[in-house]
2 protein chains.
Amino acid sequence: MDRAEAEARLLDAAEALFYERGIQAVGMDQVRAASGVSLKRLYQLYPSKSELVLACLERRDRRWRARLAEYAQSRPDGVERVLAVYDWLYEWFSEPDFRGCAFINSFGELGAVDPAVADAVRAHKGAFHDYMAGLVAAAGHSGQTVGTLVLLAEGAMTTAAISGSPEAARQARLGAAQLLANR
Amino acid sequence: MDRAEAEARLLDAAEALFYERGIQAVGMDQVRAASGVSLKRLYQLYPSKSELVLACLERRDRRWRARLAEYAQSRPDGVERVLAVYDWLYEWFSEPDFRGCAFINSFGELGAVDPAVADAVRAHKGAFHDYMAGLVAAAGHSGQTVGTLVLLAEGAMTTAAISGSPEAARQARLGAAQLLANR
DNA sequence: CTCGGCGGAGAACGACCGTTCTCACAGCAT
DNA sequence: ATGCTGTGAGAACGGTCGTTCTCCGCCGAG
């Protein structure tokens, strides 16, 4: 098993465990068991748990945004593409192991205690905001609306996680459509 | 120090510490030090950390909702009172030690691992939803809007926490006003 | 005053966690 | 065959955590 595969297996296992149970509830030995990578290799690739967590968050950020962008780009420009974001949220919320936004969860758990985690979360949310701003501008709407549309998405993530139902995405889409209907 | 005062000091100290640093990051000994209540008394009032956490969440739920209701009731009936919710959020977000919604944070940290915590969070969010539904009905708007208004509030809480700024409440208020303007 | 129970301070316990170390072994150049 | 390098399995280490126990002083009842 070469370095690249060890990294991939580690990130896959760690990300899944952290997301499913929370970061502090998962020990490094469980990451080793789930990944099949020895502790020695683990620590020479990621010298501390904190760095492993950061690496997971960064990879998740890239994947999450890529998945969203890929989905949205399959829709026509304009308002349709803005609303596609909420359709994608619905699909995401419907995944059987959905447990909320990993960044919101990580921030609540470690944001006050690990500034690097807090920075990663802010970067992720900032990038999402910027992406939405691009979609809204392309739809010819004022920048005023962007913030509200982002709040709807964020609210849908936490509400879907807590309620255990993807319906919040539908509700958010309705609200967004209404906001975009009357300029 | 009688039983009632010991309970109050424990809950005050524990709630503040859990909220500020996260639950798992705070040890029982720190609760003892901050409250001035001995470990022995602590454990005879709350036989486990989990029960102390639950008691904190329940008291916080009651206080949070009471504070919100008190604020809203000082405004005239109708749409004004619905919008007052977001004004109150702005004040809350502006408190110097604001660190997001304790229930969202607790859910992210322990929701997957402690079902009692998950239940308490669901109860809190359900009560907030019902309260908003009452305000919206009193304002003569359809129940359709309630979900969206709640999403705006939830999104504002997480966004304010992560960004460190209370502006999200302003943004949420703008969105809510727009939703309530055109029925 | 004496006794008994309660409370406080903090040590003790067992479990676990992040991290490092030991040791045996596999692959490879010489 | 002989070293050398790096690996895997897992023990070991130091620290912390939740929880319990010990010991001692206080205080009210008799």
Side-chain angles (χ1 to χ4, degrees), chain A residues 1-57 105-106 108-117 120, chain B residues 1-57 105-106 108-117 120:
Chain A
M1 175 167 38
D2 64 349
R3 177 191 165 104
E5 186 185 342
E7 283 185 359
R9 289 171 69 161
L10 278 173
L11 291 180
D12 285 346
E15 194 184 317
L17 286 171
F18 291 157
Y19 180 63
E20 186 186 353
R21 300 186 217 162
I23 293 170
Q24 317 213 56
V26 172
M28 294 298 262
D29 203 61
Q30 300 174 56
V31 174
R32 175 201 58 81
S35 65
V37 175
S38 74
L39 277 182
K40 195 173 205 166
R41 283 258 262 182
L42 199 174
Y43 273 96
Q44 73 190 38
L45 292 171
Y46 304 99
S48 71
K49 184 177 185 179
S50 179
E51 306 201 37
L52 177 61
V53 169
L54 263 287
C56 287
L57 288 178
N105 292 349
S106 302
E109 189 173 351
L110 296 175
V113 122
D114 187 338
V117 168
Chain B
M1 176 166 40
D2 63 348
R3 177 192 166 104
E5 187 186 341
E7 282 185 359
R9 290 170 69 160
L10 278 173
L11 291 179
D12 285 346
E15 194 183 317
L17 287 171
F18 291 156
Y19 181 63
E20 185 185 355
R21 300 186 216 162
I23 293 169
Q24 317 215 53
V26 173
M28 294 298 263
D29 204 61
Q30 299 175 59
V31 174
R32 175 202 56 82
S35 65
V37 175
S38 74
L39 277 181
K40 196 175 205 167
R41 282 260 259 181
L42 200 173
Y43 274 96
Q44 73 191 38
L45 292 171
Y46 304 99
S48 72
K49 184 177 185 178
S50 179
E51 307 201 35
L52 176 61
V53 169
L54 263 288
C56 286
L57 288 178
N105 293 349
S106 302
E109 190 173 351
L110 296 175
V113 122
D114 187 337
V117 168

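Note that the coordinates shown come from a computational prediction; the quantities given were computed from them, not determined experimentally. Below, chains carry the letters A, B, ... as their sequence lines are ordered, and counting in each starts from 1.
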*Do the non-hydrogen side-chain atoms of B:Val53 and B:Ser106 ever get within less than 4.5 Å of each other?*
no
*Can you give one letter per nucleotide of nucleotides 12-22 of chain D, going 5' to 3': B for a protein heavy atom under 4.0 Å from the base, S for sugar-phosphate only, - for none?*
------SBB-B
*asked:* To the nearest 0.5 Å, what is the distance between CZ on B:Arg41 and CG on B:Leu10?
replied: 9.0 Å
*Got B:Lys49 and B:Ile23 here, is their nearest side-chain heavy-atom distance under 4.5 Å?*
yes
*Compare every heavy atom of B:Val113 with every heavy atom of A:Arg21, then report the nearest pair and how far apart it is.*
O-CG2, 4.1 Å
_Angle between the end axes of the helix from C:dC1-D:dG30 to C:dT30-D:dA1, five pairs per end, to the nearest 10 degrees?_
20°
*To the nearest Å, how far apart are A:Arg21 CZ and C:dC17 P?*
11 Å
*To the nearest 0.5 Å, how far apart are OG in A:Ser48 and CE in A:Met28?*
7.0 Å
_Minimum heavy-atom distance between A:Gln30 and A:Leu17, given as atom pair plus value_ = O-CD1, 3.7 Å
_Atom-pair distance (CE on A:Met1; P on C:dA26), nearest Å_ = 17 Å
*Take the protein atom CZ of A:Arg3 and the nucleotide atom P of D:dG6, then report the distance between them rounded to whole Å.*
14 Å
_Student check: side-chain heavy atoms of B:Leu110 and B:Gln24 closer than 4.5 Å_ = yes
*What closest approach, in Å, do B:Tyr46 and B:Leu52 show between heavy atoms, and which atom pair accounts for it?*
CD1-CD1, 3.8 Å
Short heteroatom pairs, N/O only, protein and nucleotides 25-29 of chain D, under 3.5 Å:
none

*Interatomic distance, A:Ser35 atom OG to A:Glu5 atom CD [nearest 0.5 angstrom]*: 10.5 Å
*Take atom CZ of B:Arg41 and atom C1' of C:dA9, then tell me their distance rounded to the nearest Å.*
14 Å
_How many whole angstroms separate atom CZ of A:Arg32 from atom C1' of D:dA11?_
12 Å
_A:Gly22 backbone acceptor or donor facing A:Glu109 side chain under 3.5 Å_ = no
_Cationic N near anionic O, under 4.0 Å, A:Arg9 to A:Asp12_ = no
*Interatomic distance where CD belongs to A:Gln44 and C1' belongs to D:dG8 [whole Å]*: 11 Å
